[in-house]
Student: 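Structure incoming, see below.
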Protein chains: 2
Amino acid sequence: MSQCDVGYHRRMARWQPDARGRLEAAAFELFRERGFEQTTVADIAARAGLDKRTFYRLFGDKREALFSGSGHVEEVLVQAVTETDAGPFEAVVAAFRRVAEELFADRLELVRARQAIIESSPELQERELRKTGSLAAAVTAALRARGLDETTATLATESGATVFRVAYARWVAPGSDAPLSDLIAEVAAELRAITSAPTETP
Amino acid sequence: MSQCDVGYHRRMARWQPDARGRLEAAAFELFRERGFEQTTVADIAARAGLDKRTFYRLFGDKREALFSGSGHVEEVLVQAVTETDAGPFEAVVAAFRRVAEELFADRLELVRARQAIIESSPELQERELRKTGSLAAAVTAALRARGLDETTATLATESGATVFRVAYARWVAPGSDAPLSDLIAEVAAELRAITSAPTETP
DNA sequence: CGTCCGGATGTCGCTATGTGACATCACTCG
DNA sequence: CGAGTGATGTCACATAGCGACATCCGGACG
């Protein structure tokens, strides 16, 4: 947490121009070229013109180089949930739609490439799961700050996150063209249909 | 996958009496005594009277020693979902209740100890997330085998899993005494309440 | 009975992860 | 100009995880 969403100190900006950013870029390139497991932290550092040890000072982990955006997502999510009066589930869904519009909308290709990398490595999948979980915790906390009880907040968050995941999977899948935000709204409606009808025997 | 749910070959049973089981037990003890990160694979193997290399032949990972039960959970879950005619969400919830009764009911203390270990280590949390995810994938597949479409199956599974997680958290928390199965039913009802009311502005 | 076979285990060695301790270097401030 | 501060590099090290090879056991078979 500490070293991961700091960005970089103002002081250091001209000293080493965006070391963190260069490492992220180098990692992304190498992961695409050789795959995650075939890439060494030393390789990444070398391509960025830095040392292995510097990488570990800026990222806690080899995996973290791929997940720097999650801090930003959390900000948007928490703010959106905090600023609305809608019911818990609706608030979370709306927050995810806002993330979709502000952070993902015009980056389909980039997101697809990133997703391909993640899907190629179990380790990265685990990390993504953890990031998602910590995002969820933040959203739940924001909901609770609005006066909701723990269980309601958790259920709303998790349901909203599920909706997002399904919509995201559709969006990232090849051949999709609908905007993510619209997909989220659709999936949310489907969820309601499934959970609200307690009976049905096909 | 390959070496992890094999159990142990019949042939080897008397050859090395339950090497796998002894390693699991040794790992569990050591994780409780010193913590996960302070425990070395060599330590675990030594306590079981075996070699580090043998550990890696039976488990893919240091973490895997704690997650051998998940194969069994998957079996019960898939079977329960397959054998029922109920609607997707109900089917998943019912399956989790069955798991609760058959696999967790009389092991509260053990489950608590295990949970404490997992919560003390981010690495283990990630692995648990992954296990949960793979369980979910299996359930979704079982649902699809019943003729449901991908999205419905996924939403039902994920919602059911969310219900389980919340109920499980309540059950494991100190001071709880209600049976897990009952808690699951309660939480499922709460989820319905949240998602089925599209409007509300407090 | 002896021998040979196959699977389980041990041994050795190696690469890569991640970290602590210490040295350096550039820049800034007094 | 000298001291201090923060970013970086260097070195050493414990551990994870894995490939290759040696070994050892019980059982099948002549």
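Reminder, nothing fancy here: chain letters follow the sequence lines and each chain counts from 1. Atom set for the values below is all heavy atoms of this structure, side chains included, hydrogens, waters and symmetry mates excluded.
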Student: Could you list the donor-acceptor pairs under 3.5 angstrom formed by side chains in residues 91-98 of chain A, with sequence neighbours left out?
Tutor:
unit_1: Arg97(A); atom_1: NE; unit_2: Ser181(A); atom_2: O; d: 3.2
unit_1: Arg97(A); atom_1: NE; unit_2: Ser181(A); atom_2: OG; d: 3.1
unit_1: Arg97(A); atom_1: NH2; unit_2: Ser181(A); atom_2: OG; d: 3.4
unit_1: Arg98(A); atom_1: NE; unit_2: Glu102(A); atom_2: OE2; d: 3.1

Student: Mind calculating the distance between CG (Asp51(A)) and P (dT24(C)) to the nearest angstrom?
Tutor: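 After rounding, the reported distance stands at 16 Å.
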Student: Report yes or no: is there a donor-acceptor pair, N or O only, under 3.5 Å between the side chain of Arg57(A) and the base of dG6(D)?
Tutor: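 It does not, because no donor-acceptor pair links the side chain of Arg57(A) to the base of dG6(D) below 3.5 Å.
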Student: Using a cutoff of under 3.5 Å, can you pull out all pairs of nitrogen or oxygen atoms linking the protein to nucleotides 13-17 of chain C, with atom names and distances?
Tutor:
unit_1: dT17(C); atom_1: OP1; unit_2: Val41(A); atom_2: N; d: 3.4
unit_1: dT17(C); atom_1: OP1; unit_2: Lys62(A); atom_2: NZ; d: 3.3

Student: Rounded to whole Å, please give me the gap between CZ in Phe55(B) and P in dT15(D).
Tutor: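 Atom CZ in Phe55(B) sits about 15 Å away from atom P in dT15(D).
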Student: Does dG9(D) have its OP1 or OP2 closer than 4.0 Å to a side-chain nitrogen or oxygen of Thr54(A)?
Tutor: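 Answer yes for this pair, as a side-chain N or O of Thr54(A) is under 4.0 Å from OP1 or OP2.
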Student: Are the charged groups of Lys62(A) and Glu123(A) less than 4.0 angstrom apart, N to O?
Tutor: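 Answer for the salt bridge query: no.
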Student: In whole angstrom, give the distance that lies between atom CZ of Arg127(B) and atom P of dG17(D).
Tutor: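 For the pair Arg127(B) CZ and dG17(D) P, the rounded distance is 8 Å.
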Student: Taking the six-membered ring of Phe89(A) as reference, does the cationic atom of Arg192(A) (NZ for Lys, CZ for Arg) lie under 6.0 Å from its centre and within 45° of its axis?
Tutor: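 No cation-pi geometry.
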Student: Whole angstrom is fine here: how far is it from CD1 in Ile44(A) over to C1' in dG18(C)?
Tutor: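 These atoms are roughly 13 Å apart.
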Student: Within this structure, what is the CG-CD distance for the pair Leu124(B) and Glu126(B), rounded to the nearest 0.5 Å?
Tutor: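 Rounded to the nearest 0.5 Å, the CG-CD separation comes out at 9.5 Å.
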Student: Charged N to carboxylate O below 4.0 Å: is that the case for Arg112(B) and Glu109(B)?
Tutor: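 Result for this pair is yes, salt bridge flagged.
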Student: Please report the distance, rounded to the nearest Å, between CD in Glu64(A) and P in dT19(C).
Tutor: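 Taking atom P of dT19(C) as the reference, CD of Glu64(A) is at 11 Å.
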Student: Both conditions, 6.0 Å and 45 degrees, for the charged tip of Arg130(A) above the ring of Phe67(A): are they met here?
Tutor: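 That pair does not qualify as a cation-pi contact.
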Student: Between atom CZ in Phe36(B) and atom P in dT15(D), what is the gap in whole Å?
Tutor: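 Going from Phe36(B) (CZ) to dT15(D) (P), I get 14 Å.
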